[in-house]
2 protein chains.
Amino acid sequence: MLDVAKAASVSVATVSAVINGSAPVSPELRARIEEAIQVIGYKRNAIARSLKLGITRTVGLMVADITNPFFTDVVAVIQDVLHRAGYAVMLCCNDEDVEMQDEQIELLIDRSVDGLIIAPAGDDETLKRIIAGANLPTVLIDRLLDGVDTDAVVLDNRRAVQDATLYMLGLGHRRIGYISGSLDTSTGRERLAGYKAALEAAKLPYEDRLVRIGNFREKDAYKATMQLLASAERPTAIFSANNLMVIGVMKAIRDIGLKCPEDVSVASFDDFPWADVFQPHLTTIAQPVQAIGEQAAQLILDRLSGKSPATPRRLVLQGRLMIRESCRPTSLTPRAIA
Amino acid sequence: MLDVAKAASVSVATVSAVINGSAPVSPELRARIEEAIQVIGYKRNAIARSLKLGITRTVGLMVADITNPFFTDVVAVIQDVLHRAGYAVMLCCNDEDVEMQDEQIELLIDRSVDGLIIAPAGDDETLKRIIAGANLPTVLIDRLLDGVDTDAVVLDNRRAVQDATLYMLGLGHRRIGYISGSLDTSTGRERLAGYKAALEAAKLPYEDRLVRIGNFREKDAYKATMQLLASAERPTAIFSANNLMVIGVMKAIRDIGLKCPEDVSVASFDDFPWADVFQPHLTTIAQPVQAIGEQAAQLILDRLSGKSPATPRRLVLQGRLMIRESCRPTSLTPRAIA
DNA sequence: TTGTACGCGTTATCAT
DNA sequence: ATGATAACGCGTACAA
């Protein structure tokens with residue numbers, strides 16, 4: 001910039017003024033400066049600008065597991081919206097590992113991001129302390145944090161799972177296995193609550209032995225399903241609390257020599273592009289990924305531009321039950337135990 | 001830092017020395033300073049540090065489509081390795097859109113990233129000019145750029161597709177449809193070359209009407225497959241040049257009232273976690289995602305720490321044909337046209 | 001071993 | 001309308 005100023009024989013202040021339009025500059029000078037910029041090939045230094053202004057036009061995006069197609073899609077749209085608004089995105093993912101999560105949030109804050117969008121791996125005290133300490137615009141997505149009162153966009157998990165469970169109940173199932181996500185997450189807890197609520201509505205008892213924790217991962221879900229299926233009175237249906245786990249569920253069913261939906265009905269949280277293509281066509285709860293991403297990005301953008309209300313905004317979207325062919329009426333499942 | 005210096009009644013230079021270990025400091029002073037740091041809660045400002053040192057400890061990661069599970073996995077491991085090395089990751093994805101790609105690379109360079117890892121959307125002149133102009137450590141992944149001579153880690157695409165095609169040929173297929181990726185990418189071109197090579201080895205003519213461009217996207221692949229299947233002499237087998245497209249292929253087969261593998265055999269580039277679970281179990285070419293990500297990260301890390309050789313390193317990994325059940329011998333496909 | 005002073009590239013303030 | 005200069009927070013050369 002100094003070079004430009006010299007080349008146009010003006011002061012750096014004037015150069016800055018034309019670049020940022022922060023002060024009126026006479027047309028002749030403006031032209032001379034713009035030409036000098038071209039000639040020199042000057043580009044302003046974002047680092048120096050950040051140092052001076054205290055902003056980086058960068059937001060930190062931390063999700064528990066980018067490998068999960070749900071998060072992938074959300075990340076893609078957030079990134080898109082943010083880029084259009086001139087913001088860069090720093091990505092962190094931690095494989096649902098809470099310790100790694102703590103390091104990553106530090107990394108982000110260290111880099112002076114202007115805001116944070118987080119889908120937390122677990123309800124971690126350290127994380128909450130760091131977030132509070134950073135005092136940055138923050139929006140939580142998918143998963144809430146107990147006692148953290150920020151902008152957020154989440155799903156009505158309870159309602160969605162309740163509907164799905166009710167649907168299975170309506171098909172005549174009485175022993176519905178449930179593969180849960182980590183109860184350290186709000187989604188894990190709320191989804192399970194939805195399952196319980198449906199049972200209660202149907203005046204059926206909640207049985208611990210039908211519920212296994214799968215931690216949102218395929219491997220854990222596989223083991224959990226194996227246990228469920230090996231029990232004396234095995235479930236006639238299984239609900240998986242997310243997309244990754246249903247793969248484990250299906251593998252377990254296959255490995256134990258059963259078939260879906262003939263022997264056991266299956267439904268799952270999260271829809272897939274291919275749920276409709278491969279057999280069995282899976283019955284799922286579809287989340288409005290596009291909307292979630294857009295809203296989250298908009299929330300942080302509003303907060304960043306200071307046009308958000310002082311009180312946090314909490315958006316709750318609804319899931320949609322996609323009924324396909326992986327659940328059958330019990331009357332049609334000959335090998336089910338009456 | 002000034003505050004810390006005051007609190008410990010030493011100079012900033014000494015504080016800097018203990019923080020960076022750049023100069024010997026007496027134990028007593030060191031202790032006093034470290035305590036002051038604790039008390040004040042001092043954290044060094046990465047922006048100021050970047051301005052001074054000219055490095056950001058951040059690498060830009062730009063992939064054509066994060067929504068593609070292959071890229072997702074690679075991104076996840078790159079992110080992991082880089083974080084462990086203390087580097088932040090700026091993520092960009094552009095939906096295979098070349099114009100957006102140009103803007104994103106500018107964004108990254110603007111933010112003064114120390115290095116670039118790129119899976120380019122297309123062989124774009126602007127992109128190449130920008131990369132060359134930036135003069136940054138760069139590693140290309142998955143897709144090469146004509147005339148850009150940097151570190152890279154790619155697959156032996158030609159060989160992999162040749163093997164897969166040969167396998168289908170061995171099953172008796174003579175009309176093998178090919179849904180290609182964009183020929184603006186090296187993977188698109190090399191994979192098609194593999195198909196051609198197999199045909200040639202089998203002394204079969206290459207027929208334009210059996211090949212359609214699907215641009216690596218589901219929708220385009222769907223249309224392409226529809227055309228292929230509607231033709232008078234429809235193919236008895238179809239190869240899809242990536243994972244996203246095979247979903248379009250399967251949907252088209254379903255919508256046109258055919259079945260895989262009974263009526264048409266299918267194989268695809270890129271493996272899925274669920275390829276083994278849902279029907280038909282898909283025959284695929286598995287890429288060593290973990291290795292690709294690790295190598296790419298290591299390449300840039302080496303380059304960044306200046307311990308790379310001057311000449312670019314080009315790593316070529318091998319794919320693995322995962323034979324499952326989506327391809328049948330022609331003798332078993334009654335509806336195939338002889 | 002420790003302290004002072006300067007420079008990194010911007011922008012904002014103030015004076016002209 | 002334009003220019004001079006301080007300040008952002010750090011690292012480091014050089015002096016003590």
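So that the names make sense, note that chain A is the first sequence line, chain B the second, and so on, each numbered from 1.
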Query raised in the report: When you look at CZ of A:R313, are more than 12 heavy atoms from neighbouring residues, nucleotides or ligands closer to it than 6.0 Å?
Result: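 No, the 6.0 Å shell around CZ holds no more than 12 heavy atoms from other groups.
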
Nearest to the side chain of [X], heavy atoms from C-beta on, is which of [options]?
X: A:Y42; options: D:dT5, D:dA1, C:dT10; answer: C:dT10
X: B:V25; options: D:dG3, D:dC10, C:dT2; answer: C:dT2
X: A:M1; options: D:dT5, C:dT11, C:dG3; answer: C:dT11
X: A:N45; options: D:dG3, C:dG9, C:dT1; answer: C:dG9

d([atom1], [X]; [atom2], [N]) in whole Å:
X: B:R44; N: D:dT12; atom1: CZ; atom2: P; value: 11 Å
X: A:I19; N: C:dA12; atom1: CD1; atom2: C1'; value: 15 Å
X: B:I33; N: D:dC10; atom1: CD1; atom2: C1'; value: 15 Å
X: B:I55; N: C:dG9; atom1: CD1; atom2: P; value: 15 Å
X: A:L29; N: D:dG3; atom1: CG; atom2: C1'; value: 11 Å
X: A:L51; N: D:dG9; atom1: CG; atom2: P; value: 7 Å
X: A:R57; N: C:dT11; atom1: CZ; atom2: P; value: 13 Å

For a quick check of understanding: with a heavy-atom distance under 4.0 Å over all strands, which category does [X] fall into, base, sugar-phosphate or nothing?
X: A:S26; answer: sugar-phosphate
X: B:L53; answer: sugar-phosphate
X: A:I47; answer: nothing
X: B:L2; answer: nothing

Requested in this report: Flag the pair A:R143 and A:E96 as a salt bridge only when some basic side-chain nitrogen lies within less than 4.0 angstrom of an acidic carboxylate oxygen.
Outcome: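 Salt bridge between A:R143 and A:E96, a charged N being under 4.0 Å from a carboxylate O: yes.
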
Report task. Using a strict cut-off of less than 4.0 Å between a Lys/Arg side-chain nitrogen and an Asp/Glu carboxylate oxygen, indicate whether B:D80 and B:R84 qualify as a salt bridge. Result ->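 B:R84 and B:D80: salt-bridged.
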
Phosphate OP1/OP2 of [N] contacted by [X] side-chain N/O (<4.0 Å):
X: B:R49; N: D:dG11; answer: yes
X: B:R30; N: C:dT1; answer: no
X: A:S50; N: D:dC8; answer: no
X: B:T14; N: C:dG3; answer: yes

Query - Smallest separation among heavy atoms of B:D65 and B:F71, with atom names - result: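 Answer, listing the atom of B:D65 first, then B:F71: O-CD1, 3.3 Å.
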
Query raised in the report: Taking for each residue the nucleotide of DNA chain C bearing the nearest heavy atom, is the 5' side occupied by B:S9 or by B:A48?
Result: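 Closest to the 5' end, via its nearest nucleotide, is B:S9.
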
Query - Polar contact flag, side-chain donor to acceptor under 3.5 angstrom, B:Q101-B:D97 - result: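 Absent: no donor and acceptor within the cut-off.
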
Query raised in the report: Do A:K52 and C:dA12 have a side chain to base donor-acceptor pair shorter than 3.5 Å?
Result: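 Not at all, since no donor on one side and acceptor on the other fall under 3.5 Å apart.
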
Query raised in the report: Would you say A:I66 and A:V75 make side-chain contact, with heavy atoms under 4.5 Å?
Result: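 The answer is yes; the side chains approach within 4.5 Å.
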
